[in-house]
There are 2 protein chains.
Amino acid sequence: MTNASYKQFCPVAMAAEILCTRWTVVVVREMLCGSTRFNDLRRGIPRISPALLSQRLKELESAGVIVRKGGKGEQGDYHLTPAGLELKPLVESFGLWGQRWIASELSLENLDVSLLMWDMRRRINPAPMPRKTSVIQFQYSGLPAARRNWWLVVDPKSGTDLCSVDPGHEVDLYVATDLRTMTAIWMGLETVRKALGDGRLKLTGDRKLASDIQTWLGLSLFAPTKRAA
Amino acid sequence: MTNASYKQFCPVAMAAEILCTRWTVVVVREMLCGSTRFNDLRRGIPRISPALLSQRLKELESAGVIVRKGGKGEQGDYHLTPAGLELKPLVESFGLWGQRWIASELSLENLDVSLLMWDMRRRINPAPMPRKTSVIQFQYSGLPAARRNWWLVVDPKSGTDLCSVDPGHEVDLYVATDLRTMTAIWMGLETVRKALGDGRLKLTGDRKLASDIQTWLGLSLFAPTKRAA
DNA sequence: CGGGATCCGTAAAGATACTG
DNA sequence: CAGTATCTTTACGGATCCCG
């Protein structure tokens, strides 16, 4: 079917043929967010099968959107080409439209704690945080024990690590909440202040870190978008 | 599969789930270009099966992108909702990227005379043409007899009609060329002047109409886009 | 003739297991 | 870690038919 094409010279149709197969736009989004390794991509796209991810990467490579570095059999390292980088406005169009027009209840049906934490790790802004390494532990009520606790280890110099098992460091701030509340905050559907107010979010530990949370907890790229629906 | 979703709260993924099924973006493009009837859509998307078009229209309706006017069994009349109209920038992103990065030889493999004429009909600009109705006959060499001749009947008041059988009016301008040349001009890949110069395009009839052709023959929306590949 | 619905064979995607 | 292999389910393409 991939070969039995739309047969239209229109550039919209030609681009759609490359990009509008299942998962493809999500793969590109993930690469625009900085993932380059096969398993990093899988982490950002948990429900894609490895076979299909592999196929999509090959298709994107032959379309000139990405290049694979490393020989066959070696570790692959995937990077966007100039053509791939220019897909950024297109992916942003998807995000803006989705944020504006897809009912928020629908988004909040697709809760996924590892996806949320993986996104948060990428968007943490260490600038307003202490010079030293900060450790923030998230505690999600109502989740199975293995997925309940998450640690963000923020080193202003080397970046942020995400752990789902206790890394053993002393914790500077505990964030106790439920997954739906944290996801809604992340998406800009509600605010830290409101969730703190009605008790769905509790912060304990370092006072400064707690009061500054809105400044270092980078929200989703699309959180500022005004909703229409 | 449509229901077994990506399961991601990310608005990019949620939008992609709605829009990135086969043909869907092309259907939206066609509606943004003004088609509202089932068979107008089929004309702009000749290779979609009626069953799949019907299914896509239902999906777009339940996603809130279009509304169907007319009761069940009645004539359907499909219109974009406000959410659908806001897909315009997204569809334009596809077109811009496609025009910039997809090799032109690839586009010119997908020649389709009825698609080209259907697009041209929509983009003709009657303003610089005579007040009276103008008839332009296109003669494509190398096509089977039934698809060789096309007539655009441009009435500055009521709009433009496209005919593939002789409507019987007196012809003001004859445009004799081949399909590849006309498509390349339409896409901005080359100019009328150059095609006239090397004889791949011939204009006979009304001198004024002929010399003004670049002003009234609206090109593809993406013709001004600079290519990268 | 416009606006679809049905049926069937092929092609793509999901799930899971497995390997260098 | 970075993918293949295999099997089942779902989607798509194409032809045909239906109905007002």
Side-chain angles (χ1 to χ4, degrees), chain A residues 1-8 13 16-27 30-31 35-63 66-79 110 112 118, chain B residues 1-8 13 16-27 30-31 35-62 66-79 118 161-165:
Chain A
M1 192 180 306
T2 303
N3 271 2
S5 78
Y6 292 178
K7 294 275 169 64
Q8 297 205 186
E17 214 168 303
I18 294 174
L19 299 169
C20 289
T21 48
R22 192 159 161 77
W23 292 112
T24 304
V25 166
V26 181
V27 171
E30 203 54 26
M31 298 201 60
S35 296
T36 63
R37 311 295 295 275
F38 193 87
N39 281 0
D40 284 351
L41 289 166
R42 287 192 67 183
R43 200 159 174 184
I45 318 171
R47 295 179 59 89
I48 197 174
S49 73
L52 191 51
L53 176 57
S54 174
Q55 184 187 325
R56 289 291 181 262
L57 289 169
K58 281 172 190 152
E59 289 164 4
L60 287 172
E61 189 177 13
S62 84
I66 64 177
V67 282
R68 186 200 140 116
K69 291 174 182 166
K72 197 177 167 179
E74 277 183 82
Q75 304 255 102
D77 198 15
Y78 300 91
H79 289 272
N110 297 144
D112 182 325
W118 182 242
Chain B
M1 192 181 310
T2 303
N3 272 3
S5 78
Y6 292 175
K7 294 273 169 64
Q8 297 204 185
E17 209 170 309
I18 294 175
L19 299 168
C20 289
T21 49
R22 194 161 160 75
W23 292 112
T24 304
V25 166
V26 181
V27 170
E30 203 53 28
M31 297 200 61
S35 297
T36 63
R37 311 295 297 274
F38 193 86
N39 281 359
D40 283 352
L41 289 167
R42 288 193 66 183
R43 202 160 171 182
I45 318 171
R47 296 179 59 89
I48 197 174
S49 73
L52 191 50
L53 176 56
S54 175
Q55 184 187 324
R56 288 290 181 262
L57 289 169
K58 280 171 190 152
E59 289 165 3
L60 286 172
E61 189 177 13
S62 83
I66 64 176
V67 283
R68 186 199 142 117
K69 293 175 180 165
K72 196 177 165 176
E74 276 184 82
Q75 303 254 104
D77 199 14
Y78 300 91
H79 289 272
W118 183 242
D161 278 340
L162 170 64
C163 312
S164 59
V165 296

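Both backbone and side-chain heavy atoms feed into the values below; hydrogens, waters and symmetry mates do not. Lettering follows sequence order; numbering is per chain, from 1.
Rounded to whole Å, the distance from CZ on B:Phe38 to C1' on C:dA5 is 10 Å. Between B:Asp77 atom CG and C:dG4 atom C1' there is a gap of 15 Å when expressed in whole angstrom units. When rounded to the nearest whole Å, the span between CG of A:Asp40 and C1' of D:dG3 equals 14 Å. For B:Ile48 and D:dG14, the CD1 to P distance is 11 Å, given to the nearest whole Å. Residue A:Leu53 contributes atom CG, which lies 10 Å from atom C1' of D:dA2 at whole-angstrom precision. For the pair B:Leu52 CG and C:dG3 P, the computed distance is 18 Å after rounding to whole Å. B:Arg43 places its CZ atom 13 Å from the P atom of C:dG3, with the value rounded to the nearest Å. Summarising the geometry, the separation between OH on B:Tyr78 and P on C:dG2 is reported as 14 Å, rounded to the nearest angstrom.
Closest of all the heavy-atom pairs between A:Gly44 and B:Gln8 is O-OE1, 3.2 Å. Minimum heavy-atom separation, A:Ala13 to A:Tyr6: O-CD1, 3.6 Å. Pairing each heavy atom of B:Glu17 with each of B:Lys7, the nearest pair is OE1-N, 4.3 Å.
Within the 4.0 angstrom heavy-atom criterion, no nucleotide atom of any strand lies near B:Arg42.
Phosphate proximity of D:dG13 to B:Arg22: present, with a side-chain N or O under 4.0 Å from OP1 or OP2. Regarding contacts with the backbone of D:dG3, a side-chain N or O of A:Arg68 is found under 4.0 angstrom from either OP1 or OP2. For D:dA15, neither phosphate oxygen OP1 nor OP2 lies less than 4.0 angstrom from any side-chain nitrogen or oxygen of B:Ser49. Taking 4.0 angstrom as the limit, B:Gln55 places a side-chain polar atom (N or O) nearer than this to OP1 or OP2 of D:dC12. Taking side-chain N and O atoms only, B:Tyr6 has no distance below 4.0 Å to OP1 or OP2 of C:dG14. A close approach under 4.0 Å does not occur between any side-chain nitrogen or oxygen of A:Lys58 and OP1 or OP2 of D:dA2. At D:dA2, none of the side-chain N or O atoms of A:Ser54 fall inside 4.0 Å of OP1 or OP2 (strictly under the cut-off). In this model, the phosphate group of D:dG13 is approached by a side-chain N or O of B:Trp23 to a distance below 4.0 Å at OP1 or OP2.
The side chain of B:Pro50 lies closest to C:dG4 when the candidates are D:dG14, D:dA2, C:dG4. Comparing C:dG2, D:dG13, D:dA5 by their nearest atom to the side chain of A:Ala51 picks out D:dA5. Checked against C:dG4, D:dC1, D:dG13, the side chain of A:Asn39 finds its nearest nucleotide in D:dC1.
Tested against A:Tyr78 for a side-chain contact (heavy atoms from CB on, under 4.5 Å), the candidates A:Leu57, A:Asp40, A:Leu60 yield a single pass: A:Leu57.
Using a cutoff of 4.0 Å between basic side-chain nitrogens and carboxylate oxygens, B:Glu59 and B:Arg56 are scored as salt-bridged.
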